[in-house]
Visitor: 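Dropping a structure here in structure tokens format, bear with me for questions.
The sequence lines fix the lettering, A, B, ..., with proteins before strands; numbering per chain opens at 1.
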Amino acid sequence: MTIPIQILTGNQQNFSRRTYREWLLLTSRIVVSRRYMFPGRRRKIHHHGNSRTTHQIKSHLLIQTHQSQHQTRKCPEKLTSISAGPGGQSSQTTRGYLSGCVSGEGVEVTYVSSESELFEQLVSVVRRHDPDILLGYDVTMMSWGYLIDRAAVLNSNLTNQISRTPHQPDQKPNVDRADSGSRTRPKSSSGGVQIPGRIVVSVWRLLRKELALTSYSFESTFFQVMHQRIPMFPFQTLTQWYENGTLAKRAEVVDYYMLRCHGNYQMLEKLNVIGRTSEFARLYGIEFENVLTRGSQYRVESMLLRLAKPANYIATSPSIQQRARMAALECLPLILEPESKFYSDPVLLLDFQSLYPSIVIGYNYCYTTCLGRLRNLVLHGNFTFGTTTLKFKAHVLKKVKDKVTISPNGVVFVDPTVRRGVMPRMLEEILSTRIMVKGSMKKHAADKALNRMLDARQMGLKLIANVTYGYTAASFSGRMPCVEVADSIVGKARETLERAIKLISATREWRARVVYGATDSVFVLLKGASKEEAFRIGREICDRVTADNPKPIKLKFEKVYYPCILQTKNRYCGYMYETPDQTEPVYDAKGIETVRRDTCPAVAKVLEKSLSLLFSTFDLSQVKSYVQRQLTKLLDGHVSLQDHILAKEYRGRGKYRPSACVPALELARRGVATDPRAEPRPGERVPYVVVYGHPGQPLIQLVRPPLEVAKDPTLRLNGVYYITKQVLPALDRALSLLGVDVYQWYRDLPRVIRAPLPAIQETGDRKLKVKTCSSNARLFTFVYLQGTLGQYFATVHCPICNELTNEGLCSSCRGNPQLVATVLSRQIHDIESAHHSVTMLCHSCTRTPDPSIPHQCVSLDCPVLYRRLHTHHTLQTLPNLTRLLDHTTLSKSP
DNA sequence: GCCCGGACCTAC
DNA sequence: TTAGGTAGGTCCGGGC
């Protein structure tokens, strides 16, 4: 029986079935030269005809550039004429090898005589390999974007030349884009750089979606993904090395960029991005590029319409006005107010598995099965429905009146016996396929490659299932929203959760109490139960609740917290057990500072350690002493700068209110003042630290880029700020629930001179700074000339006993030359060995063995950077110490 | 000192 | 010319 329910009308964007075939066509032609990607392996490449030795490999990307700017970031400057990789056949070019590269074997280098020739070579490389995908870490400002801008300055249209559909070669380049600057480029996965026929991927933008990190610098993401530290050198240094350095230095520059080019590829490979994207494209039936560039509505629509078309449905295509006029959503998901406290008994975490999709399937909720609101059915004529209207004949209603379900908010849907909805069918297929895929993953656990592909597939299925609800509820930007359907899903979910809670509370034998729940999860406290009992009861509850609901709605046993802290809605943490036989619990947290990116690592570390101590020992005194130790360290400045870096996302200059007072914006403004191209990319995370300033100075003025603080010894981390505004509030939110006042712990600390502020005195033409700081609760006064921290050791303090003196050694120590000799030798030895170990560490990363050159790597993640800077300062005291030692031994010998 | 809105980030 | 949703917590600055 077919009911003439006419709800999907109008025209719709045409999703072609051709897309997948096109995509296959694309990927099948992808050829990768191993030689190019792995410069170390010497494979001969013949560039003519079919004889070239190339490898067809599964993943498919080829040419990429990283930062091609050596000089400055201001505006596209002249490029130094180097092109790494296989060179061209042109007779004017010379070719050679640079040895001493990453591989030790060398990279083939083509030398050209002019910059325009360099571009010709680049174009020929691209054309020869004809890649589908062009990679770059930051495609907009550097890499391809930079090359395009630079080429435009030389009056050449690079985009056209490397595209797959080049226009006439004499066509005028698009001069606009060069000076309009990259700022105007839209935000997309290609960073706005578009090359017809090829997919341009901005690796940074891709990874931003992929991983939640506090920093998205190349070095940082590379470390997070590949677990390998790599250095970062400023452009000036690289330029210097390249232009004035030895051949080995030049090779290092080439190496540096090769590592980055290769690194981009390595990261994508490790994360299986290309494989996964291909899987998604296949799964959703959309093009490869659209997986990266389009949103979730596009995916849902692609799948939905494939099912709708054979069933003879046409989707509505409401206008903006129609969408705006649609009734507002009424139903809210259920979020209980948690009983905030520390729970020393087991707490079960149960949640409904894919609740929204399950409801759609279980109750047959769909655009095509909806009869509208119950109250409208008694009326005659059109009534509003979603973005359009709906009308029924009385006899139709009479026929189905016993075969309907009514959602909690009073919307009527017909049973599957009358008509199976498109959305339920789609989701059912998705969920059952996912279960199947998961099953075959288990079956083929040994086959790593297959497993990766299957995992990508099941992930894609899960994603699409979860966003299908969003599609119906997208009232702001939706292409086909429908309040009735969306509200019914949320309403039913709410009702389902409420019913489950009621059932749990009503069943006496479990002696369970629901202490928190949100949308699709319940937290059940089992007072006095053991861990094993908790698992048993948890399973019983899940079975009972599942049986109480239509298929495929299922309450799933997630984990047991024992013990745990519920702070507020969306914020909790605990020691987690996932199986009954698990003996060692795992710390698990949601929403609190240990998992948030808006606090610094130090806060996360202190909080996590404190909570772990509390959960494992139940002993607050241990927590207290730990916290106090950390606070003391912070006050004394004996902490790592890196742990105190805060990083916030920068939205772009125009995206803030004029009066907005945001560190990221402030630092961006300061940066732009010196270098217009130094503005952070929209979406980039801007790191900063807070330093000491004058009393009453607004916080925003105490914000500094970390490197500035690392280089300037007069700037000190604002320990008081970090303690009172970062560490203690976070601790307080967790521990106040146990009746602890962490601020009192802070006040209980032994009194030391806190928060010394550098006072500046003008003495003649040189700035003399007087700084006080506390160390081991003793107060020292350091007087030093700005910039040479090392001097005060020799001039102000006795290096043996630390007493104030201006004669090198204090009078009492001078009377004991043996002690002086011993202590000084020891100190010299310590400094030297510390310096040596730091140098070795540095060498292993940057391969710069020369300790005499100052540390060049400016990567914020560099573990050596701050230590090296520090030892560099102390190294300056060496001559003084040596002189003192010489003097002592000389005066002793006669 | 209180309240509010903006900014940011997270859970579901 | 591009977009799934809502709820929630915290910090900060400005207005009263």
Visitor: Is A:Arg494 close enough to C:dT6 that one of its side-chain N or O atoms is under 4.0 Å from OP1 or OP2 there?
Guide: no
Visitor: Under 4.0 Å, counting only non-hydrogen atoms across every strand here, what does A:Leu332 touch: a base, just sugar-phosphate, or nothing?
Guide: sugar-phosphate
Visitor: Does a donor on one side chain and an acceptor on the other come within less than 3.5 Å for A:Asp588 and A:Tyr575?
Guide: no
Visitor: Counting any heavy atom closer than 4.0 Å, what does A:Leu699 reach on the DNA or RNA strands: base, sugar-phosphate only, or nothing?
Guide: sugar-phosphate
Visitor: CG of A:Leu731 versus C1' of C:dT10: gap in Å, rounded?
Guide: 16 Å
Visitor: Determine the minimum heavy-atom distance between A:Phe385 and A:Cys482, stating which atoms define it.
Guide: CZ-SG, 3.7 Å
Visitor: Report the base-pairing partner of C:dG4 (Watson-Crick or G-U wobble, both distances below 3.5 angstrom), or none.
Guide: none
Visitor: CG of A:Leu334 versus P of C:dT6: gap in Å, rounded?
Guide: 18 Å
Visitor: Starting at atom CG of A:Leu427, determine the distance to atom C1' of C:dG4, rounded to an integer number of angstrom.
Guide: 14 Å
Visitor: Write down the distance between CG (A:Leu566) and C1' (C:dG8), rounded to a whole number of angstrom.
Guide: 15 Å
Visitor: Between A:Thr568 and A:Arg323, which has a closest nucleotide on DNA chain C that is more 5'?
Guide: A:Arg323
Visitor: Taking atom P in both C:dG4 and B:dC12, what distance in whole Å separates the two?
Guide: 22 Å
Visitor: Any side-chain N or O of A:Ser475 below 4.0 angstrom from OP1/OP2 of C:dG4?
Guide: no
Visitor: With both distances under 3.5 Å as the test, what is the Watson-Crick or G-U wobble partner of B:dC4?
Guide: C:dG13
Visitor: Regarding A:Tyr587 and A:Glu608, do their side chains bring together a donor and an acceptor under 3.5 Å, going by distance alone?
Guide: no
Visitor: C:dG4 C1' sits how many Å from A:Met326 CE, rounded?
Guide: 12 Å
Visitor: Between CG of A:Leu350 and NZ of A:Lys559, what distance do you get to the nearest 0.5 Å?
Guide: 11.5 Å
Visitor: Do A:Arg479 and A:Gln297 have side-chain atoms, one donor and one acceptor, less than 3.5 Å apart?
Guide: no
Visitor: To the nearest Å, how far apart are A:Glu289 CD and C:dT2 P?
Guide: 12 Å
Visitor: Hydrogens and angles aside, do A:Tyr356 and A:Asn466 bring a side-chain donor and acceptor to less than 3.5 Å of each other?
Guide: no
Visitor: The side chain of A:Ser296 lies closest to which of these nucleotides: C:dA7, C:dC11, C:dG4?
Guide: C:dG4
Visitor: If only side-chain N and O atoms count, and only distance matters, is there a donor-acceptor pair under 3.5 Å linking A:Tyr721 with A:Gln726?
Guide: yes
Visitor: Testing the 3.5 Å rule here: is there a donor-acceptor pair between the side chains of A:Tyr650 and A:Glu679?
Guide: yes
Visitor: What string of B, S and - do you get for nucleotides 7-12 of chain B 5' to 3' if you count protein non-hydrogen atoms under 4.0 Å?
Guide: SSBSSS
Visitor: Output the rounded distance in Å from CG (A:Asp732) to C1' (C:dG9).
Guide: 14 Å
Visitor: How long is the line joining CG of A:Leu292 and C1' of C:dT2, in whole Å?
Guide: 16 Å
Visitor: For A:Pro481, which contact category applies under a 4.0 Å heavy-atom criterion: base, sugar-phosphate, or nothing?
Guide: nothing
